[in-house]
Amino acid sequence: MSRVIKYNVAIREALAEEMERDSTVFMMGEDIGVMGGVFGMTRGLYDRFGKQRVIDTPISETMIVGAGVGAALTGCRPIVELQYADFVAVAMDEIYNRAAKWRYMHGGRQNVPLTIIAPEGAVGGVGPEHSQCPEALFWSCAGLHVVTPATPADAKGLLKSAIRSNDPVLFLPHKGLAALQGEVPDGEYFVPLGKANTVRKGKHLTIVAWSAMLHKALKAADVLAEKGIEAEVIDPRGIRPFDFDAVVESVSRTGRLVLAHEAPVRGGPGSEVAAVIAERALHYLEAPIMRVGAPDIPVPQSVYLERMVVPRMEEILAAAEKICAELV
Amino acid sequence: MSRVIKYNVAIREALAEEMERDSTVFMMGEDIGVMGGVFGMTRGLYDRFGKQRVIDTPISETMIVGAGVGAALTGCRPIVELQYADFVAVAMDEIYNRAAKWRYMHGGRQNVPLTIIAPEGAVGGVGPEHSQCPEALFWSCAGLHVVTPATPADAKGLLKSAIRSNDPVLFLPHKGLAALQGEVPDGEYFVPLGKANTVRKGKHLTIVAWSAMLHKALKAADVLAEKGIEAEVIDPRGIRPFDFDAVVESVSRTGRLVLAHEAPVRGGPGSEVAAVIAERALHYLEAPIMRVGAPDIPVPQSVYLERMVVPRMEEILAAAEKICAELV
Amino acid sequence: MAETAQDKRLDFYEAMQRCALWEMRLLQMVEEGQVSGFYHSGRGQEGVQVGAVLALKPQDYLLYGHRGCGYQITRGVPLDAMFSDFLGHIEGPTRGLGAGTIHIASPELGILGQAGGVGGTYALAVGAALSARQRGTDQVALCMFGEGTANRGTFHEAANAAGVWKLPVVWLCENNGWAISASFRETTAAERIADRAIGYGMPGIVVDGQDPVAVNAAVSEAVERARNGGGPTLIEALTARLRGHYEGDAQRYRAKDEIETLKRERDPIVLLANVLLEEKLATQETLDGIQARVAQEVDAAAKRALQGTKPTRDRIFQYVYAEDHTP
Amino acid sequence: MAETAQDKRLDFYEAMQRCALWEMRLLQMVEEGQVSGFYHSGRGQEGVQVGAVLALKPQDYLLYGHRGCGYQITRGVPLDAMFSDFLGHIEGPTRGLGAGTIHIASPELGILGQAGGVGGTYALAVGAALSARQRGTDQVALCMFGEGTANRGTFHEAANAAGVWKLPVVWLCENNGWAISASFRETTAAERIADRAIGYGMPGIVVDGQDPVAVNAAVSEAVERARNGGGPTLIEALTARLRGHYEGDAQRYRAKDEIETLKRERDPIVLLANVLLEEKLATQETLDGIQARVAQEVDAAAKRALQGTKPTRDRIFQYVYAEDHTP
Ligand SMILES: Cc1ncc(C[n+]2csc(CCOP(=O)(O)OP(=O)(O)O)c2C)c(N)n1
Ligand SMILES: Cc1ncc(C[n+]2csc(CCOP(=O)(O)OP(=O)(O)O)c2C)c(N)n1
Ligand SMILES: [Mg+2]
Ligand SMILES: [Mg+2]
């Protein structure tokens with residue numbers, strides 16, 4: 001059985017269920033208390049769990065993440081929030097070098113069951129430092145898991161897995177999906193970290209699309225279907241761990257690959273995937289690997305120009321049509 | 001005419017020449033003054049240019065880079081040093097969001113002629129947070145240039161170009177090359193940012209190798225030559241801007257590509273190159289694109305284990321031989 | 001004899017009105033959907049912004065806060081250019097790229113800009129002051145920020161450097177008691193932000209931010225000390241945020257009557273008007289006259305700005321680099 | 001009646017000797033090439049480290065500095081395990097991964113570890129203290145760091161959080177006057193690091209770091225205040241670095257006689273020995289006996305450690321994650 005709820009509500013459910021279940025789970029972040037978060041993600045939790053478990057912090061991102069690590073090392077299962085995913089840069093040392101490497105460099109005697117929530121994506125005029133999708137910065141971050149939920153079901157299931165994980169997880173919901181409605185299973189469930197989701201089956205080409213781009217990819221697949229091209233659409237659900245096998249398997253059948261993400265193409269999440277496919281599945285490829293993403297520029301503040309930067313459904317379509325030209 | 005000097009001396013020459021020439025050039029960083037830097041890169045500059053132009057800073061990396069941006073906006077041409085390249089994570093916001101985006105987001109009314117020097121690489125037991133090669137973190141960093149000199153000549157020529165550039169440049173010398181001897185042209189010269197260097201010509205395969213790995217790639221090419229395989233070896237000299245044309249042109253002749261860097265393969269500098277080649281030059285490829293780099297783990301502190309992590313010449317050789325199997 | 005802050009009160013009044021009336025017109029544009037709602041109203045903080053900015057000399061540098069546009073307006077960015085920026089028109093300082101919150105720079109006016117990550121400008125102020133010293137000028141850098149932003153580590157690193165190098169920086173904290181929904185007391189351990197000054201070897205001063213005269217005097221003194229080699233100062237101006245953090249903020253975290261009381265008792269424009277009237281430095285007609293004149297100025301500027309031009313797509317690719325290095 | 005710090009002086013003496021003698025043996029291993037030279041000698045700082053660590057209760061947390069190994073040794077990590085770690089043997093706490101500088105953690109002893117980026121542990125101390133509160137325990141977190149590291153912004157953010165949340169943290173700065181080649185005065189604007197305490201709403205205390213009795217008393221008081229809900233304290237211990245920043249450091253930046261004078265006048269072990277002799281709390285024989293016994297202990301530990309085992313290659317792939325999620 002299932003219900004239809006919003007992405008944001010799904011996130012709140014995951015948080016509430018885990019806090020209810022485990023008293024060592026607590027949250028901290030900027031404006032997550034009475035205000036319920038600037039995107040409403042924690043609304044109601046302060047009233048329900050109180051000030052001691054839903055903690056408003058100072059504007060101190062290195063402290064927020066670092067204290068998360070410290071609490072995780074000492075018997076808690078903290079959830080910390082960076083108000084915008086762009087601020088991973090502010091706490092980069094704490095994420096990349098502290099949370100991710102602590103266990104390894106101290107000989108595996110401690111765990112770091114930390115969840116870092118950081119809403120990402122462009123949502124209409126918040127500018128170059130409040131609109132980024134920074135997941136690709138963590139491709140090289142051994143020790144960390146990184147997930148990007150595209151649906152309410154995944155938002156809830158991945159977040160619950162993140163909180164239960166004994167390793168640090170960077171959970172990057174997309175701000176633009178906050179109000180997205182979707183089916184969510186009844187009762188407790190988990191979506192495993194690092195397992196891709198084949199959202200649509202198809203035999204002519206594979207589209208791997210992250211987060212908000214998944215929905216544009218599905219629309220593109222609809223249009224392609226009308227032209228007789230059957231696209232398989234895969235949501236990788238993040239980047240670490242990455243389900244390369246699922247993509248290789250798909251490409252082995254389709255021979256064509258489009259990678260679609262909101263971050264710039266240059267240095268975006270797609271490059272590592274393209275590189276792996278170019279090594280592991282080159283012989284299956286019947287056409288160049290195409291990447292769809294933003295141009296190699298910052299996101300302008302002006303909504304008018306921002307719209308020209310965030311990749312659109314049409315660009316996925318064009319990339320797909322280009323490499324499927326001989327099929328139609 | 002040319003001379004043979006050390007990599008470190010080449011860096012000092014570049015710094016001294018530019019400071020001599022332009023009084024708005026100054027340096028700041030930790031222990032760069034009387035001590036001459038923990039790697040000796042600034043030795044002698046304090047005596048020559050004085051305390052006001054070779055400034056020892058507090059242990060304050062966000063200030064070091066941020067103040068560099070501020071000075072660059074106001075008529076100076078600052079050179080700032082992060083003692084270890086790993087500390088780009090400490091000042092990530094200042095590099096990724098401040099230095100790189102300031103010009104764009106303020107409408108192009110100001111320039112940011114800032115050089116950030118950050119020595120990288122594993123050199124024997126300095127551990128997971130003092131051994132990294134972080135260049136790939138900046139693949140997506142529009143607004144920044146990123147260079148990785150492999151020879152004394154490039155160290156000097158690239159650094160002089162960096163200092164003269166009106167845009168911010170992240171200059172990443174390799175700590176392990178400090179004592180490397182090499183020919184350097186007499187008189188003033190520059191190596192342009194973003195121009196690859198074809199160090200060795202060959203027709204069977206292309207090896208793109210960054211920084212310290214260049215020398216291992218050249219050794220591998222020697223061994224390959226004995227087996228009748230002629231490797232073309234390209235030093236891309238950095239990642240932004242990247243000379244994709246040079247690599248595409250080479251691969252169009254060789255049909256085979258190995259990418260070699262000290263950073264982990266996963267999320268390393270090679271992935272973006274592989275992705276671009278898999279789009280732009282797929283039809284030339286006669287074999288999978290191979291990447292050689294460290295495994296997907298932090299660098300252990302123990303020298304004994306570190307040696308098992310830093311990629312060796314033999315791994316380049318093995319990768320090359322694998323994709324050249326049918327040639328011999 | 002040097003003009004003192006006392007004599008400038010009518011100028012302060014006019015300048016504050018200009019900030020407030022410009023903002024009022026901007027909020028109308030927000031309401032009409034011409035401008036995005038990510039605007040942080042400066043209503044209530046005009047006293048600090050006007051008093052401080054007018055303490056600078058033309059050659060000085062300004063790194064402003066995100067609260068309203070009193071800083072840039074008072075420093076002399078034309079009102080129509082300010083509107084144009086928010087409208088995303090090419091006539092604005094960011095030439096169409098910016099819009100919404102503010103990344104307005106004006107090298108001619110020494111306005112260096114603002115970071116999206118709050119607390120991103122502290123170190124830039126250190127750099128600007130250091131640059132002045134390197135170039136042998138007498139420029140001073142004024143860096144303004146909210147009390148919430150004072151808890152960022154970047155402040156610590158920058159303040160210490162400015163202190164130890166005795167740099168010409170004036171740190172000015174606009175303490176309005178709120179950082180979005182976080183109250184000063186619940187997020188800040190210091191009794192006063194100014195108490196942190198001693199830890200950076202500089203004087204720490206608290207001033208009434210609703211009194212532009214007091215702010216102007218305090219900042220002027222700090223600016224002159226900085227200019228004369230006396231090093232930095234940390235000033236904390238106690239002020240009030242009369243609207244939400246941004247437009248549309250329901251402010252459930254704030255007691256209902258707090259804002260009403262503040263509006264009644266702590267509006268810097270009303271307060272100064274009362275003083276001017278009481279001390280008979282102006283009649284109500286004079287004040288009304290000023291207001292009407294500024295309102296007209298604002299209106300005319302808005303009209304001009306609204307006729308501006310949106311950029312074309314190529315704009316998004318411009319200004320990333322100063323030089324083209326495409327190989 | 002509770003034992004006071006005064007009565008513990010012989011224990012302190014022995015503990016300091018243990019740190020110093022262990023290090024002396026380690027430096028021999030460095031010289032013999034068995035261990036890398038990236039070791040930051042703790043010679044001269046045993047007074048702070050012993051005095052502070054002995055103020056903790058078993059349940060407390062320790063985030064130590066990078067200067068020497070007095071912290072871990074005094075907290076009870078076995079001497080042979082300490083050697084093993086430097087030797088890169090699997091018997092060491094990092095099981096062969098660490099070696100050189102120190103990432104020794106011991107959950108049983110509450111030793112949480114150390115970051116390679118100095119100043120990386122401040123926030124972790126906040127987290128550990130917050131965690132104690134969440135779990136309802138009375139644990140205290142002691143966080144130690146150098147005066148140079150006190151200029152990192154991470155301190156500001158962590159100290160403010162600890163202050164405003166009244167967390168059980170004790171901040172202990174080992175001020176040895178040098179951060180590699182950078183002198184305290186030329187890089188730090190504060191007259192005293194302890195002057196920063198007021199900016200974080202906590203007491204700031206200066207103590208003679210060469211006197212373990214004084215350190216122990218100050219830290220004990222702070223620990224008890226923290227444990228009883230009184231919040232954090234910032235303690236600055238004035239101490240001395242008797243060797244280079246790391247082994248092989250030529251120290252050209254330091255006046256020639258500074259180290260000689262410090263060795264003569266500020267060696268905490270010599271100072272305490274003198275007091276013990278003067279106050280007739282021990283004879284020279286007693287002290288020599290302690291030293292000989294500890295030296296033997298150290299020697300035996302070194303022997304055991306040297307017989308240890310280097311890891312095999314698979315070790316580099318272990319411990320990255322607690323759980324395997326390879327799809
Ligand atoms: C590094 C960073 N963290 C968080 C934010 C989100 N944010 C924007 S303004 C603000 C509150 C700032 O409060 P304060 O400094 O008191 O200034 P005020 O808004 O009161 O003028 C926050 C948290 C940000 N922009 N940058
Ligand atoms: C973030 C960071 N910056 C710089 C360094 C390099 N470094 C290691 S120790 C040190 C000096 C620390 O000085 P202090 O805190 O006084 O401690 P001491 O060495 O005197 O014990 C520096 C600069 C580092 N490890 N991490
Ligand atoms: Mg505020
Ligand atoms: Mg020190």
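Since the model is a prediction, treat every value here as computed from it, not as a measurement. First the proteins, then the strands, lettered A, B, ... as listed; each starts at 1. Only heavy atoms go into these numbers, but all of them, side chains included; no hydrogens, no water, no symmetry mates.
For C/His103 against B/Met105, the heavy-atom pair with the smallest separation is CB-O, 3.3 Å. Of all heavy-atom pairs between C/Val126 and B/Ala67, the closest is CG1-CB, 3.9 Å. Minimum heavy-atom separation, C/Ser131 to B/Ala71: CB-CA, 3.8 Å. The two residues B/Thr62 and C/Glu157 have their closest heavy-atom pair at OG1-OE1, 2.6 Å. Between B/Asn111 and C/Ala322, the closest heavy-atom pair is OD1-CB, 3.4 Å.
Atom CD1 of C/Ile316 and atom OH of B/Tyr104 lie 6.0 Å apart (nearest 0.5 Å).
With chain C as the partner, the residue from B/Met63, B/Glu61, B/Arg240 showing the most heavy-atom pairs under 4.5 Å is B/Met63. The choice from B/Ile55, B/Ile59, B/Leu73 that makes the most heavy-atom pairs within less than 4.5 Å of chain C is B/Ile55. Interface remark: of the candidates B/Arg98, B/Arg53, B/Lys101, B/Met28, B/Arg98 forms the most heavy-atom pairs closer than 4.5 Å to chain C. Your options are C/Gly113, C/Ala158, C/Ser106, and the one with the most heavy-atom pairs under 4.5 Å with chain B is C/Gly113. Across C/Arg315, C/Gln318, C/Gln139, C/His156, the residue that shares the most heavy-atom pairs under 4.5 angstrom with chain B is C/Gln318.
By the side-chain hydrogen bond (donor to acceptor under 3.5 Å, both in side chains) test, B/Glu232 pairs with B/Ser250, B/Arg253, sequence neighbours left out. Partners of C/Arg196 by salt bridge (charged side-chain N to carboxylate O under 4.0 Å, His left out), not counting sequence neighbours: none found.
With a 4.5 Å cut-off on side-chain heavy atoms, C/Gln134 and B/Thr24 do not count as touching. For the pair C/Arg135 and B/Cys76, the minimum side-chain heavy-atom distance is below 4.5 Å.
Heavy-atom neighbours of chain B within the stretch residues 160-172 of chain C, taken at a separation under 4.5 angstrom, comprise C/Asn160, C/Ala161, C/Trp165. Contacts between residues 87-97 of chain B and chain C, defined by a heavy-atom separation under 4.5 Å, are made by B/Asp93, B/Glu94.
Remark: B/Lys51 NZ is loosely packed, at most 12 non-hydrogen atoms of other residues, nucleotides or ligands lying under 6.0 Å away.
At a 4.5 Å heavy-atom cutoff, the contact between C/Tyr61 and chain B is made by side-chain atoms alone. Interface remark: C/Leu130 contributes side-chain atoms only to the contact with chain B (heavy atom separation under 4.5 Å). Heavy-atom distances place the backbone of C/Ile111, and not its side chain, under 4.5 Å from chain B. When heavy atoms are compared at a cutoff of 4.5 Å, C/Thr121 approaches chain B solely by way of its side chain, counted from C-beta outward. Heavy atoms closer than 4.5 Å to chain C are found in both the backbone and the side chain of B/Arg109. The part of C/Pro107 that comes within reach of chain B is its side chain, from C-beta onward, which places non-hydrogen atoms under 4.5 angstrom from that chain.
Taking the six-membered ring for Trp and thresholds of 30 and 60 degrees, C/Tyr321 and B/His145 have nearly parallel ring planes, at less than 30 degrees apart.
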